[in-house]
Amino acid sequence: MSWQQRINSSLSTQRYNNRWRKRCIIDKNNTRLIRKGKKNYINFSSNDYLGLNQHPLIVNSWKKGIDLMGTGSGSSSHIIGFSCFHSNLEIQLANWLGYSRAILFISGFDVNQAVINLLTKKYDHIIADKLIHASLLDAAIRSPAKLYRFRHNMIESLNFFLQYLCRGEILVLTEGIFSMDGDTAPLKNIYEKTRKNNSWLLVDDAHGIGITGAEGRGSCWLQGVKPNLLTISFSKAFGIGGAALLCDENTADYFLQFSKNLIYSTCMPPAQAFALQCALHLVQKSESLRDRLNENINYFKKGMKSISWKLIESSSAIQPLMIEDDNEAQLVLTKLAKAGCWVNVIKPPTVPLGTTRIRITLTAAHKFEDIDILLEALHETNH
Ligand SMILES: *Cc1c(COP(=O)(O)O)cnc(C)c1O
């Protein structure tokens, strides 16, 4: 098959399977509300859980960062791209989370790829939760290491693989809060099992950081564990973008010496690192926003008690409503949009076949009356 034929045939299969992915153009977004064309929607699709996206202090610090250092970093961190803003942010992150070192990356996707790419070699083993994020899974599939997948959050299943693989280095992958189901990993159990086995544990806490644990330190802190590798993203609770790897001294140096993602890619803009310091400070102090978020989550869940679709058990901001059938989900989406609520349908292959869902995300920016409108529309659609 030629490239052209392959492209054409993939596209027609995608269309035929009803899996066509579309980007839509959003004209305005303040987290609580978005505008598309002439219509406003209450936004239940944002990962900006604390609503920091337009916080005046963060906006101003980004502007000030530009005044001081310009718009871009100018090169990779190994040439002249690494500034005092980056360095201070790394130190603050490491101190905050109780690690020796933090290294900044351009995105959560990038840091996960970088870790798997550099760390795992032939004869190593990766044991991943069945539902880990595509950024980890994709790298794990392409890694020369052998990949095993344990049943979602099932410690017995993880244990089976740990005992069955008695040789070689083993890296266990899981998330703090799962991005598609919103549930929490039993990190304490997983941590103890992997430690006993001399395996390494990587926790991706993109959805937990800033949200749970004392001062927003995330899922690991909350469950009292310190995995060998912790990856966090600043694209969710921090409301910005960028990411970091938390690890020990030698591992950090290993990445600085050998990670191509770091050496051959331009460092994040210094102004962004400056704004991230401001966001970190706010996140640490945002107990009231975390309380607001939790109030909204509980309010929503209470209102969903009498609905017949199954809400996946989740106490996080991610509340997936299991619809199963693609067409029905699309119908619900259309009806919710008509009522002025913006939600997302998540279909296979992002989630397993037959588990198509409406993924509702709540934020601290929502008001109870916003949630009332969503609940009313959902009840009207489901009878
Ligand atoms: C969003 C997300 C990522 C990717 O982070 P970005 O900074 O958006 O690239 C990685 N892992 C998980 C679990 C996520 O939810």
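Values below: all heavy atoms of this structure, side chains included; hydrogens, waters and symmetry mates excluded. Counting convention: from 1, in listed order, for ligands and their atoms alike.
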Which residue and heavy atom of the protein sit nearest [atom], plus the separation:
| atom | answer |
| --- | --- |
| atom 14 (C) of ligand 1 | Lys236 NZ, 2.9 Å |
| atom 11 (N) of ligand 1 | Asp204 OD2, 2.6 Å |
| atom 4 (C) of ligand 1 | Phe109 N, 3.6 Å |
| atom 8 (O) of ligand 1 | Ser235 OG, 3.2 Å |

Going by distance only, is there an N or O of [X] that falls short of 3.5 Å from an N or O of ligand 1?
| X | result |
| --- | --- |
| Ala206 | no |
| Gly108 | yes |
| Ser233 | yes |

Do you see a donor-acceptor pair shorter than 3.5 Å between the side chains of [X] and [Y]?
| X | Y | answer |
| --- | --- | --- |
| Ser199 | Thr194 | no |
| Ser288 | Arg290 | no |
| His152 | Asp183 | yes |
| Ser306 | His379 | yes |

task = Check whether the ring centres of Tyr299 and Phe368 lie less than 6.0 Å apart, and answer yes or no.
result = yes
Show me which atoms of ligand 1 lie under 4.0 Å from any heavy atom of [X].
| X | answer |
| --- | --- |
| Ser179 | 15 (O) |
| His207 | 14 (C), 15 (O) |
| Glu175 | 13 (C) |

task = Assess Ser135 for proximity to ligand 1: is some non-hydrogen atom of it under 4.0 Å away?
result = yes
query = For atom CZ of Arg142, is the number of surrounding heavy atoms from other residues, nucleotides or ligands below 6.0 Å larger than 12?
reply = yes
CH2 (Trp3) with more than 12 external heavy atoms under 6.0 Å = no
query = How does Asn112 reach ligand 1, by side chain, by backbone, by both or by neither, if only non-hydrogen atoms under 4.0 Å count?
reply = side chain
Validation row: Asp370, Arg32 side chains within 4.5 angstrom (heavy atoms) = yes
